[in-house]
**Q** 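Starting off with a structure, shown below.
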Protein chains: 2
Amino acid sequence: SCTELLISVATPGCNGFPNLESKENYDSDCLLLISVLPADLLTSSLSSLFMQYYINETEIVDFPRFPHRGLLLDTSRHYLPLKAILETLDVMAYNKLNVFHWHIVDDPSFPYESFTFPELSKQGAFSAMTHVYTASDVQTVIEYARLRGIRVIAEFDTPGHTLSWGPGAPGLLTPCYLGKDPSGTYGPINPIFNSTYQFVTSLFQEISSVFPDYFIHLGGDEVDFTCWKSNPDILVFMKKMGFGEDYTKLESYYIQRLLDIVSSLGKGYMVWQEVFDNGVKVRPDTIIHVWKNNLPYAEEMANVTKAGYRALLSAPWYLNRISYGQDWMAAYQVEPLKFTGSTKQKDLVIGGEACMWGEYVDVTNLTPRLWPRAGAVAERLWSNATVRNLQDAYVRLADFRCELLRRGVQAEPLFTGYCDHEFGGF
Amino acid sequence: SCTELLISVATPGCNGFPNLESKENYDSDCLLLISVLPADLLTSSLSSLFMQYYINETEIVDFPRFPHRGLLLDTSRHYLPLKAILETLDVMAYNKLNVFHWHIVDDPSFPYESFTFPELSKQGAFSAMTHVYTASDVQTVIEYARLRGIRVIAEFDTPGHTLSWGPGAPGLLTPCYLGKDPSGTYGPINPIFNSTYQFVTSLFQEISSVFPDYFIHLGGDEVDFTCWKSNPDILVFMKKMGFGEDYTKLESYYIQRLLDIVSSLGKGYMVWQEVFDNGVKVRPDTIIHVWKNNLPYAEEMANVTKAGYRALLSAPWYLNRISYGQDWMAAYQVEPLKFTGSTKQKDLVIGGEACMWGEYVDVTNLTPRLWPRAGAVAERLWSNATVRNLQDAYVRLADFRCELLRRGVQAEPLFTGYCDHEFGGF
């Protein structure tokens, strides 16, 4: 038997940040502990042991099934204060979630303070004074996450979902027409001007340097063609390019140029599944983010991996879509590899992300809506596929929720009952 | 024109408590204000006026459509700390809700500290130390409510929903049998012993004196006959009474005796609709609480009022049954008087109650789940039937929600957007 506790830090990258290839297993040979970071990732598995006075001899076999276990927060539909994001990172670490997908801007608001284009948040945030993330805020999030073994992947979704970009970037969005005249409203990013690509290059240059992770999420979902179709300049461009009536070709034209720009910046990218569905040529190391339910997501997982791309699953984990009762069970019972495909295809599934879209969520209800429900997704992504018993999971999750209350996290109940230490400390 | 602001207090009862007949209108004759209490009920209508520096001349025509505008909280499935109840009373007053229906005990726990039967909470609360309402707590709730023009109606639901009563009241519940032997589990209150009615008399004597409102809610819903059917003593009693196989007759036998007891204590009672559905003979002034959806609730409203009883509507207002999106709209669009019946029948509808049952709700998510959703019900019960426009209501409710944030209430958003003053003060 051995008497030492060794904690060794093994980070494949040399910049101090965790990445997709980071080792996260607790490889125990006489209590030699190897992990990415000696942070909460370790503590969460070991806390119960350390609560005892000493450890005589123990062995830990605990390693993640998938390397990408994420949570998406949406800070555009409602602004989330820095404190709420940091608290969420804490609870992610308790749940061994290791990717914070920051859907930072979208149609309703642009809270990211860009130093290249300060007008974007000045004109596009709900309030340029109070509802923005300063450069310092962003650094705080990134460092707070790093210390907990969590990667931060920023999403700047284009060419749709960009209405809030318009006021701060004149000429960027497509003016919509009503008959022969501009209607005064705007559509997606205008893909026909060189100035658009100059803007995009400068902005993503900034984003690439601000966010250290190798991956940027480029969005690419839900592009509405109505406005493009109304614009006479776009019609001329379509004809010139030989796109006919097929606006997915125009969308692909934009995305293709965007991907080339981001590639040239030395970054990898993730995109929502439409980019793949529309046949845009992407790099082999692209991660396709599966979110739609119109065709069963298992088919999309099969298609994406059959084409040789890496797949990330979110479709069954839109935790914002609440329903009455114990809806964590459906999230828990998902099996990400349950689709028709070869072993090689299954190996291309890097994990999944729970999503908390912000239409109906802000700082008032974020925490109870997330926890412990997102913990069900976290366990599915961490534990072996054979760990599926609902009753056992209920007991674990209910216990864990009481532990969250003890730590001051406003996590909602799974069902009738109580905790020894309730929220608020009574 | 007049220069005085007169506030006159008109309380029909002489004990200082509001009741079902209390006047709540702002009857303005040269700014003479008449109301039950000079409390928040007044301020909520007048606060916008008082925000101006002075009032030259104004007239207020604002009175409630229904006299009973309630909210049910369930403190048995989860314990709610005193502070959460008091905060809810504050927000009820802002919304001009005037009845707090306190579903205080049920199967999972018995948090009410009875001085007649202290063992009930000692054995039946989740924790006799921390998860109970002391006599002082109950008085605090009643007085806090009174100062806000809110009545407190306590519900002690019998003969079902009483599992938590068992440990502290030996012999009260029906022992269930498995074949010839008791199984060790218990069913509803045992209706066949005189000791049962002695217990019930003593307990409701206490309840009648503790809760000043004329009405007590006696429950009477969802009685499961399985256990009664298994018990040989019950079978003997059924035969003796000539009830045949009809256990609703046994249920009615119990309820009848309970109603007589409560009547003799000088109290009125409210009951869930099953008591009426099962044909129990109730006093003419009984309030029948409509909650079921198996037959359309409008039919039940018609039946109840046709039989000459007063009706209280909750069926479409189970706010615990959350769904994705703007579900306040369905609650808002309810028209309580939309059923087939005479004017006399319609006059018997005293109002409604929003219900927040506690299976999935405790102090961590109560407030965001209640507000501003319960405000939609409050407006339906206060305002004229013609006030129904959804877009207008959205604007009012969204504004009001921002005002709640300003007052420190953790009210959730209706949809995408922001408030100048967010929760937490950023």
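Just so we're clear, the structure is a prediction, and the values are computed from it rather than from any experiment. What's counted below: heavy atoms across the whole structure, side chains too, no hydrogens, waters or symmetry copies.
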**Q** Under a 4.5 Å heavy-atom cut-off, does chain A meet the side chain of Asp107(B), its backbone, both or neither?
**A** neither
**Q** Looking at every heavy atom in both Glu359(B) and Tyr324(A), which two are closest together, and how far apart are they?
**A**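 Smallest interatomic distance, heavy atoms only, reads OE1-OH, 4.1 Å.
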**Q** Need one label for Ala84(A): side chain, backbone, both or neither, based on atoms under 4.5 Å from any heavy atom in chain B.
**A**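 No part of Ala84(A) comes within 4.5 Å of chain B.
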**Q** Give me the atom names and distance for the closest heavy-atom approach of Asn365(B) to Glu412(A).
**A**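 Closest approach of Asn365(B) to Glu412(A): ND2-OE1, 3.1 Å.
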**Q** Are a donor atom and an acceptor atom from the side chains of Glu422(B) and His131(A) found within less than 3.5 Å of each other?
**A** yes
**Q** May I ask you to name which of Leu414(B), Val363(B), Ile322(B), Val409(B) has the most heavy-atom pairs under 4.5 Å with chain A?
**A** Ile322(B)
**Q** Counting heavy-atom pairs under 4.5 Å with chain A, which one of Lys83(B), Met129(B), Gln326(B) comes out on top?
**A**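 Looking at each of Lys83(B), Met129(B), Gln326(B) in turn, Gln326(B) comes out on top.
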**Q** Among Ser76(A), Ser127(A), Gly424(A), Ala411(A), which residue forms the greatest number of heavy-atom pairs with chain B at distances under 4.5 Å?
**A**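 Most heavy-atom pairs under 4.5 Å with chain B: Ala411(A).
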**Q** Go through Pro368(A), Pro81(A), Ser323(A) and name the one with the most non-hydrogen pairs under 4.5 angstrom from chain B.
**A**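 Heavy-atom pairs under 4.5 Å are most numerous for Pro81(A).
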**Q** Which pair of non-hydrogen atoms, one from Asp362(A) and one from Pro413(B), has the smallest distance, and what is that distance?
**A** OD1-CD, 3.4 Å
**Q** Do you know which of Tyr418(B), Phe423(B), Tyr79(B) has the most heavy-atom pairs with chain A at a distance under 4.5 angstrom?
**A** Tyr418(B)
**Q** Would you say Thr364(B) and Thr367(A) make side-chain contact, with heavy atoms under 4.5 Å?
**A** no
**Q** Nearest 0.5 angstrom please: Cys419(A) SG to Phe126(B) CZ, how far?
**A**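 Taking SG in Cys419(A) and CZ in Phe126(B), the distance rounds to 10.0 Å.
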**Q** At what distance, to the nearest 0.5 angstrom, does OH of Tyr360(B) lie from CG of Asp327(A)?
**A** 9.5 Å
